[in-house]
Undergrad: 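First the structure, then my questions, so here it is.
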Amino acid sequence: MAKELNLETIRHSMAHVMAEAVLEIMPETKIAIGPAIENGFYYDFDLPRPLTDADLETITEHMKAIIKSGVPFERKEVSRDEAKALFADQPYKLELIDAIPEGETVSIYTQGKFTDLCRGPHVETTKDLNAEGFKLLSIAGAYWRGNEKNPMLTRIYGTAWKNGKELRVYLDHLADIEKRDHRKLGKELDLFSLHEEAGPGLVYWHPRGARVRQAIEEFWRGEHYKNGYELVYTPHVGKSWLWETSGHLDFYKDSMYPKMEMDKADYYAKPMNCPFHIMIYKNSKHSYRELPFRWAELGTVYRYEKAGALHGLMRVRGFTQDDAHLFVTPDQMDDEIVEVLRFSLYMLHSFGFNDVHAYISTKPEKSVGRQEDWDAATAALKKAVEKEGLSYDIDEGGGAFYGPKIDLKVKDAIGREWQLSTVQFDFNLPERFDLTFVDKDGQEKRPFMIHRALLGSIERFFGVLIEHYAGAFPPWLSPDQIVIIPVGENAFDYSKALEKRLRGEGFRVAIDLSDDRLNAKIRNAQKLKTPYMLIIGEKEMAGDVVSVRYRNGKQVNGVPTADFISEVHGVIDRKEQI
RNA sequence: GCCAAAGUAGCUCAGUGGUAGAGCAGCUCACUCGUAAUGAGCAGGUCGCGGGUUCGACUCCCAUCUUUGGCUCCA
């Protein structure tokens with residue numbers, strides 16, 4: 001018996017076993033498709049009634065029995081008509097059979113009493129599956145063939161592994177993901193909240209969350225000045241003229257907050273910052289000598305995301321983009337792209353993301369702009385990515401209609417990918433707003449426009465940071481960098497003076513003057529994941545020293561206060577994690 | 001928007017067709033404490049919101065809002 005089994009084959013076979021189990025329980029079920037996916041499998045069903053978690057247990061029991069019965073998976077090639085006869089009472093399968101291209105073999109797999117239309121491959125017998133190596137995870141809705149016009153089927157997700165040990169490792173990983181959930185940590189660490197009664201998808205930054213945001217923004221602004229950007233501020237609303245000209249009203253009206261009527265004009269909350277930066281550009285005539293312009297703004301935008309799409313900080317209706325627009329002459333394009341990319345990587349690394357992968361998206365079928373501009377811009381993107389030595393994939397035809405782009409995805413501490421930076425060419429807006437500059441030859445020419453966001457949205461980026469660090473931010477980002485914990489009341493005055501001294505150093509300092517016992521104070525500081533806890537009692541007061549408890553439990557006693565101060569300055573300046 | 005589940009105190013959750021309960025947090029009092037929860041007491045809820053059924057609804061039904069898991073979408 002083949003022992004080197006492919007996980008994908010195991011998972012796909014597991015999906016068939018699940019379908020058999022579901023049919024055993026509810027024979028009138030119509031089956032759709034059941035592929036292997038990353039970490040597991042799913043199968044879509046058209047069921048006679050909704051499922052409950054109890055059903056998952058029953059299905060699991062049936063699956064275990066099928067696995068233990070050790071029946072073989074038998075492949076058979078059949079004609080189209082035979083297949084149709086076999087699946088006469090399975091409408092979804094009939095549709096799939098019709099979709100198989102002429103000339104392609106139609107194959108079916110049978111295990112026990114269950115036969116499925118399937119290309120395979122499968123394990124030899126259900127004995128190759130491990131009854132302890134799988135778990136049904138969730139029930140969800142899914143459109144037949146992924147089209148929202150089609151009926152909604154019930155999808156059961158499961159995970160499957162070679163054995164129970166591998167399954168447990170994966171389930172531990174899922175538990176880790178749950179522990180890092182930014183919505184949970186946001187509450188526990190008192191960072192932010194959302195209020196359904198005040199409007200879904202709108203974020204309230206609490207003082208502790210706002211401190212993190214301020215640290216992010218302060219760094220962001222400083223680096224932008226250093227890198228040749230100018231910072232601008234623009235309004236939050238604008239007349240419909242802006243969005244008619246930009247084309248947003250045509251394409252995205254349904255995703256915009258509805259209009260506000262005022263003085264016989266229609267105003268909209270901005271879903272994008274671009275037209276506003278363009279207004280600044282259009283405020284005067286520009287010479288080639290002035291370009292490039294690099295204008296950045298932490299611009300808050302509003303988009304009416306569908307109710308079901310909202311998710312914590314990751315998908316919201318009001319958010320702040322770390323946006324910038326570059327207006328460049330065609331011959332500045334290559335250098336500017338290289339610089340933007342280098343800057344992006346520097347920023348991502350500063351926040352602790354060192355595993356970055358690039359995705360270049362090229363011209364889609366429907367697009368605006370000249371072919372030679374698309375070619376040049378796409379070539380510039382590729383060159384820049386290669387120059388930075390980034391690994392990349394090309395998504396042919398995946399660009400927006402207005403220009404090619406690079407997206408940067410980072411891997412977090414537990415290997416999940418998040419898309420953060422994006423650099424996009426825009427051949428549309430310069431045309432629509434008739435942007436020009438006067439070139440050397442005295443002719444008016446069209447500048448290139450590049451949109452870019454390094455962090456994406458501050459809200460989402462914050463969510464990613466929370467999950468990446470599991471709430472234990474590096475000191476430069478931590479809401480409280482230091483908490484002072486007096487052992488007893490007689491150390492209160494000294495502790496307050498110390499707090500003042502440390503604040504004077506620019507540190508974010510908290511002090512625990514509650515009447516809790518020392519143990520409880522440490523526990524509370526630990527739960528807030530404060531990087532440095534200073535225990536202050538008789539010994540420390542006597543010698544101008546501090547006893548430092550790090551949040552990892554490490555403890556160093558009797559550190560001269562001045563030494564501690566310079567240690568923390570160093571860690572913050574170098575943006576180190578401790 | 002679609003499918004499904006959920007909504008009970010600030011948080012985490014129990015509970016029942018006869019108008020609600022715990023732990024933590026909060027407040028008060030006592031203890032003044034040396035490395036992950038000191039003890040006692042008090043207070044806190046029109047059980048998401050609106051209808052209906054019923055002698056009686058937090059519980060059953062309908063509608064609605066929101067949240068969660070997915071699907072679709074994501075300029």
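In the text below, chain A, chain B and the rest are named by the order of the sequence lines, each starting its count at 1.
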Undergrad: Answer with base, sugar-phosphate or nothing: what part of the nucleic acid does F251(A) contact at a heavy-atom distance below 4.0 Å?
TA: nothing

Undergrad: Do E540(A) and G34(B) share a donor-acceptor pair, side chain to base, under 3.5 Å?
TA: yes

Undergrad: Pick out the pairs of N or O atoms, protein on one side and nucleotides 3-5 of chain B on the other, that lie under 3.5 Å.
TA:
unit_1 : atom_1 : unit_2  : atom_2 : d
C3(B)  : O2     : G141(A) : N      : 3.2

Undergrad: I need the S138(A) OG to L51(A) CG distance, nearest 0.5 Å.
TA: 11.0 Å

Undergrad: Say you pick atom C1' in C31(B) and the same atom in A40(B); how far apart are they, in whole Å?
TA: 11 Å

Undergrad: Do any N or O atoms from the side chain of H62(A) and from the backbone of V22(A) form a donor-acceptor pair under 3.5 angstrom?
TA: no

Undergrad: Expressed in angstrom and rounded to an integer, what is the separation of Y43(A) atom OH from G70(B) atom P?
TA: 22 Å

Undergrad: Taking the nucleotide of RNA chain B with the closest heavy atom to each, which residue, G201(A) or E148(A), is nearer the 5' end?
TA: G201(A)

Undergrad: Starting from C1' on A75(B), measure out to CD on Q321(A) and report it in whole angstrom.
TA: 9 Å

Undergrad: Y550(A) and Y532(A): aromatic ring centres closer than 6.0 Å?
TA: yes

Undergrad: Using only heavy-atom distances, determine whether the side chains of T362(A) and T378(A) contain a donor-acceptor pair under 3.5 Å.
TA: no

Undergrad: Collect all protein-nucleotide pairs involving nucleotides 24-31 of chain B in which both atoms are nitrogen or oxygen and the distance is under 3.5 Å.
TA:
unit_1 : atom_1 : unit_2  : atom_2 : d
C31(B) : O2     : R517(A) : NH1    : 2.9
C31(B) : O2     : R517(A) : NH2    : 3.0
C31(B) : N4     : D515(A) : OD2    : 3.2

Undergrad: Can you tell me if K187(A) touches the phosphate of U12(B), counting only side-chain N or O atoms and a distance under 4.0 Å to OP1 or OP2?
TA: yes

Undergrad: Does a side-chain heavy-atom distance below 4.5 Å link F192(A) with R208(A)?
TA: no

Undergrad: When the P atoms of U46(B) and A36(B) are compared, how many Å lie between them, rounded to an integer?
TA: 39 Å

Undergrad: Distance between the C1' atoms of A25(B) and U66(B), in whole angstroms?
TA: 25 Å

Undergrad: Counting any heavy atom closer than 4.0 Å, what does A400(A) reach on the DNA or RNA strands: base, sugar-phosphate only, or nothing?
TA: nothing

Undergrad: Give the rounded distance in Å between these two atoms: OH of Y252(A) and C1' of A75(B).
TA: 3 Å

Undergrad: In whole angstrom, give the distance that lies between atom NE2 of H311(A) and atom P of C74(B).
TA: 18 Å

Undergrad: When the ring centroid of H357(A) is compared with that of Y359(A), is the distance short of 6.0 Å?
TA: yes

Undergrad: In whole angstrom, give me the gap between the C1' atoms of G52(B) and G69(B).
TA: 31 Å

Undergrad: Rounded at 0.5 Å granularity, tell me how far NE2 in H325(A) sits from CG in D426(A).
TA: 7.5 Å

Undergrad: Can you tell me if Y42(A) touches the phosphate of G69(B), counting only side-chain N or O atoms and a distance under 4.0 Å to OP1 or OP2?
TA: no

Undergrad: Determine the contact category for G146(A): base if any of its heavy atoms lies under 4.0 Å from a base atom, sugar-phosphate if only primed atoms, P, OP1 or OP2 are that close, otherwise nothing.
TA: sugar-phosphate

Undergrad: Please work out if S255(A) contacts a base, only the sugar-phosphate, or nothing of the nucleic acid, heavy-atom cut-off 4.0 Å.
TA: base

Undergrad: So what does Y402(A) hit on the nucleic acid, given a heavy-atom distance under 4.0 Å: a base, only sugar-phosphate, or nothing?
TA: sugar-phosphate

Undergrad: Expressed in angstrom and rounded to an integer, what is the separation of H195(A) atom NE2 from U67(B) atom C1'?
TA: 14 Å

Undergrad: Checking all strands, does R155(A) fall into the base, sugar-phosphate, or nothing category for heavy-atom contacts under 4.0 angstrom?
TA: sugar-phosphate

Undergrad: Looking only at the side chain of A309(A) (C-beta and beyond, no hydrogens), which of the listed nucleotides C73(B), U35(B), C2(B) gets closest?
TA: C73(B)

Undergrad: Quick one: which of C73(B), G34(B), A36(B) gets closest to the side chain of S547(A)?
TA: G34(B)

Undergrad: Taking the ring centre of each residue, are F427(A) and Y402(A) less than 6.0 Å apart?
TA: no

Undergrad: Between C3(B) and U64(B), how many Å separate the two P atoms, rounded to a whole number?
TA: 11 Å

Undergrad: Under 4.0 Å between a Lys/Arg side-chain N and an Asp/Glu carboxylate O for E297(A) and K270(A)?
TA: yes

Undergrad: If you find the nucleotide of RNA chain B closest to P271(A) and the one closest to F492(A), which residue's nucleotide is nearer the 5' end?
TA: F492(A)

Undergrad: Just the rounded figure in Å: distance from P of A37(B) to CD1 of I485(A).
TA: 13 Å

Undergrad: Between G21(B) and C47(B), how far apart are the P atoms? Round to whole Å, please.
TA: 14 Å

Undergrad: Once hydrogens and angles are ignored, does a donor-acceptor distance under 3.5 Å link the base of U67(B) to the side chain of E196(A)?
TA: no

Undergrad: Tell me the interatomic distance from L513(A), atom CG, to C33(B), atom P, rounded to whole angstroms.
TA: 16 Å

Undergrad: Is the distance from the ring center of W243(A) to that of F433(A) below 6.0 Å?
TA: no

Undergrad: Between U8(B) and U68(B), how many Å separate the two P atoms, rounded to a whole number?
TA: 14 Å

Undergrad: In this structure, how many angstroms lie between the P atom of C33(B) and the NZ atom of K539(A), rounded?
TA: 13 Å

Undergrad: Establish, yes or no, whether a centroid distance under 6.0 Å links the rings of F353(A) and H468(A).
TA: yes

Undergrad: Quick one: do the Y304(A) and D254(A) side chains pair a donor with an acceptor below 3.5 Å?
TA: no

Undergrad: Between R49(A) and D55(A) (salt bridge meaning N to carboxylate O under 4.0 Å), is one present in this structure?
TA: yes

Undergrad: Could you grab the distance from atom CZ of R523(A) to atom CG of L518(A), nearest 0.5 Å is fine?
TA: 14.0 Å

Undergrad: Taking the minimum atom-to-atom distance to the side chain of N519(A), which one of A36(B), A75(B), U67(B) wins?
TA: A36(B)

Undergrad: Hey, is the side chain of R315(A) pairing donor to acceptor with the base of C73(B) inside 3.5 Å?
TA: yes

Undergrad: If we count only N and O atoms by modelled type, under 3.5 Å, do the side chains of D412(A) and W418(A) hold a donor and an acceptor together?
TA: yes

Undergrad: Answer with base, sugar-phosphate or nothing: what part of the nucleic acid does H451(A) contact at a heavy-atom distance below 4.0 Å?
TA: nothing

Undergrad: So what does D426(A) hit on the nucleic acid, given a heavy-atom distance under 4.0 Å: a base, only sugar-phosphate, or nothing?
TA: nothing

Undergrad: NA contact type, R183(A), heavy-atom cut-off 4.0 Å: base, sugar-phosphate, or nothing?
TA: sugar-phosphate

Undergrad: Answer with base, sugar-phosphate or nothing: what part of the nucleic acid does E188(A) contact at a heavy-atom distance below 4.0 Å?
TA: nothing

Undergrad: P atom, U59(B) versus G48(B): distance in rounded Å?
TA: 8 Å

Undergrad: According to a 3.5 Å limit on both distances, what stems of 3 or more consecutive Watson-Crick or G-U pairs are formed with RNA chain B?
TA: B:1-7 with B:65-71, B:10-13 with B:21-24, B:26-30 with B:38-42, B:50-52 with B:60-62

